[in-house]
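To start, the structure itself, in C-alpha cells.
In what follows, residues are counted from 1 in the order of the sequence shown. Whatever order the structure lists ligands and atoms in, that order sets their numbers, starting from 1. Keep in mind the model is a prediction, meaning the values are calculated, not measured.
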Amino acid sequence: MAEEFDLVILGGGTGGYVAAIRAAQLGLKTAVVEKGKLGGTCLHKGCIPSKALLRSAEVYQTAVKSEEFGVVTGDVKVDFLKVQERKNKVVDQLYKGVQHLMKQGKITVYEGLGRILGPSIFSPMPGTISVEMNNGSENEMLIPQNVIIATGSRPRTLPGLTIDGEFVLTSDEALKLENLPKSMIIVGGGVIGIEWASMLNDFGVEVTVLEYADRIIPTEDHDISSEMLRLLTKKGVKFVTGAKVLPETLKTDVSVSISAEVKGSVEEFTAEKMLVSVGRSANVEGIGLENTEIVKEKGFIETNDFFQTKESHIYAIGDCIGGLQLAHVASHEGITAVEHITGQKPERLDYSLISKCVYSSPEAASVGLTEEQANKEGYDLKIGKFPFRAVGKALVFGEADGFVKIIADKKTDDILGVHMIGPHVTDMISEAGLAKVLDATPWEIGKTIHPHPSLAEAIGEAALAVDGRAIHS
Ligand SMILES: Cc1cc2nc3c(=O)[nH]c(=O)nc-3n(C[C@H](O)[C@H](O)[C@H](O)COP(=O)(O)OP(=O)(O)OC[C@H]3O[C@@H](n4cnc5c(N)ncnc54)[C@H](O)[C@@H]3O)c2cc1C
C-alpha cells in the first residue's frame, strides 16, 4: 500500500510527536512512524520514569526524617515493587495522553520500523518511507513531501565494556530493576549518573560514582558542581573524580568489580551492580541515510539552523542531531522544523535561552553561560549569589542547602547566566529563562516583588546581590 502525506516523521519520541501535533495544527496531512512506543525515550526510558523513581526516593527520605517535623511514624520501609508499579502507572497515563493527542490531531501512526528510500517509482527524490510493520503485515509505503528524522538516541558504553543487563546496566535496564541492589558503581557523573546516584542513595543503596573529568556534572558552572559534590558526599555518596575506568578489568560473578586509574595508581571497586552512564549515541543506523545525501558529523545528523539536512526536504531534530540532548530541546527543534516547512519563518532556536535541569536531591538548574564560559568569551563580570539558608521558606521546608548565582555583564547589565542548586530549582529556573528571553537586567529581577515566604525570594536577592544590594545577606 502506498499513501501520500505532506509530512512523515520518523520516530514518535518527544521530538517527533510534538512536531506531528504542530504540523496537524498547521493543516499538514501528517504521519508518524514509531517502531516502539509513542513518547520515546523521555516517556518510557528517560525523563518521566526516572523522575517517578526520584519522587518515591524523596517521599521515602521525607518519611525517614518526619520526626524532625514532629510527625512520628512507625517503621518506614521501601516496597520497591510498588515504587515500580507507581512509576509504570504514571508512564501509562501519559502514554494514553500522547495516543489521544495523535487521534485528536488526525495524525496517522504507523507502528513499525521506518527506512528512507532513494529515488524510486514513487518519487524522483529520496524520502519515500518504507515501513516494516510490527504486526508482520506487508510493508507500507509512505510518499511524503517532507520528512523529519526524529529517531533519538540510545545509551552508549565504553569501548570493551559489555552491558550484560544483569550486573552491568545502562539506564534502560536500571529503570526495570525489580529489587534495589545493596550497592551500585556508577560510571559517569554527568546528569543521568548524578540523578541515579542521588535516587539510589536516598533509597539506602551504597553508591560510588567514578567520573573521568576532574569534577561531576562538568558542563555545569563550577560552583554548582562543587556544591553538588559536597551535598551528595554529605548524604553518603562516594565520588572518585579523575577516574579512568579500565573496561578490561571488569569481573562479574555474584557481584561486579572494576578497576580505574586514579591519579597515577589503580584502584578496584566492587558492588552488587554497575550502571554505565557515559552519554548517548544517535540512532542513525538502518534508517536509509545511505540512500540520501544526508551528512553525519561525529555520529550525529548534520543540519542547518532550521534543521534541514543536505536534502532540503528532509529535516532532522532531537537527540539524533546531538547538541543538548533534552526533551524540551527536541520538541522545540521539531516545532521550528515544522514551522520552517510551512513557511512560517520561525526564529532560529537560541540555545543560550534553554534551561537545563538535574533532578537529583538537591536539584540543580541553569540557563545561559557558566562563569568559565563568560570569562572565556571576554566579558567583564559582576556576580550575585544568595544562599537558601537565608530564605525563610527553605528553612520551613527543611531544605536550606544551595544557592542562586546570577552572572551579569558589567558593561551592559545583561544577564549572561543563572545557576541554581537547592529545593525546587528545576521549577524556579523558568523565571530566569523568561528574564533571558525578555533581556531583563538583574535590576528588573530585583524590582520584581517576590512573594514572602517563597523559595523564589532567593532569585530576587541574588539579582540584588549582583549590585551589592541584597537585603538578607
Ligand atoms: C535516564 C534518562 C533521563 C532523562 N531525563 C531527562 C529529563 O529529565 N529532561 C529532559 O529534558 N531530558 C531527559 N532525558 C533526555 C530525553 O529523554 C531525550 O532528550 C528525548 O527523549 C529526545 O527526544 P527525541 O524525540 O529526539 O528521541 P527519543 O525520545 O529517543 O525518540 C525517538 C523515537 O524514535 C523511534 N525510532 C528510532 N528509529 C526508528 C525507526 N527507524 N523507525 C521508527 N521509529 C524509530 C524510537 O523507538 C523512539 O521512540 C533523559 C534521558 C534518559 C536516558
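What sits closest to atom 14 (N) of ligand 1 on the protein, heavy atoms only, is C47 SG, 3.8 Å. Looking from atom 49 (O) of ligand 1 to the surrounding protein, the closest heavy atom is E34 OE1, 2.7 Å. At the shortest separation from atom 53 (C) of ligand 1 among protein heavy atoms lies R280 NH1, 3.2 Å. Nearest protein heavy-atom contact of atom 10 (C) of ligand 1 is A327 N, 3.4 Å. With hydrogens left out, the protein atom closest to atom 19 (O) of ligand 1 is D319 OD1, 2.8 Å, a heavy atom. Ranking protein heavy atoms by distance to atom 44 (N) of ligand 1, first place goes to K35 N, 3.1 Å. From the protein, the heavy atom lying nearest to atom 8 (O) of ligand 1 is K51 NZ, 2.7 Å. Regarding atom 23 (O) of ligand 1, its nearest protein heavy-atom neighbour is A330 CB, 3.6 Å.
Below 4.0 Å from some heavy atom of A150 lie the following atoms of ligand 1, by number and element: 32 (C), 33 (C), 34 (O). Close contacts between ligand 1 and G318 involve ligand atoms 26 (O) [criterion: under 4.0 Å to a heavy atom]. For ligand 1 and T151, the ligand atoms under 4.0 Å from any heavy atom of the residue are 32 (C), 34 (O), 37 (C), 38 (N), 39 (C). For ligand 1, the atoms closer than 4.0 angstrom to any heavy atom of S171 are 1 (C), 53 (C). When each atom of ligand 1 is checked for a heavy atom of S153 under 4.0 Å away, the hits are 30 (O). In summary, the atoms of ligand 1 found under 4.0 Å from a heavy atom of Q325, numbered by their order in the structure, are 15 (C), 19 (O).
Between the side chains of D164 and T162, no donor N or O sits under 3.5 Å from an acceptor N or O. Side-chain contact of E363 with T426: a donor-acceptor pair under 3.5 Å is present, judged by distance alone. Judged by distance alone, the side chains of K87 and Q84 do bring a donor and an acceptor atom under 3.5 Å apart. Under 3.5 Å, the side chains of T170 and E173 contain a donor-acceptor pair of N or O atoms.
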Run E220 and R215 through salt bridge (charged side-chain N to carboxylate O under 4.0 Å, His left out) and show every step you take.
CA-CA 10 Å; E220 293 300 320; R215 60 189 179 98; over 6 Å; no
Stepwise salt bridge (charged side-chain N to carboxylate O under 4.0 Å, His left out) check, R154 with E285:
CA-CA 12 Å; R154 60 184 183 280; E285 303 83 6; 3.2 Å; yes
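The environment of CD in E178 is sparse: at most 12 heavy-atom neighbours from other residues, nucleotides or ligands sit within 6.0 Å.
For the side chain to side chain donor-acceptor pair (under 3.5 Å) with S361, the lone residue among E195, K235, Q61 that qualifies is K235.
Contacts between L113 and ligand 1, counted as non-hydrogen atom pairs separated by less than 4.0 Å, involve both the backbone and the side chain. Under 4.0 Å from ligand 1, not a single heavy atom of C320 appears.
The CD atom of Q93 lies 13.0 Å from the CG atom of N88; values are rounded to the nearest 0.5 Å.
Between G46, G11, A316, G16, it is G46 that holds the heavy atom closest to atom 52 (C) of ligand 1.
The aromatic rings of H340 and F306 sit parallel to each other, their planes meeting at less than 30°, with 60° as the upper class boundary.
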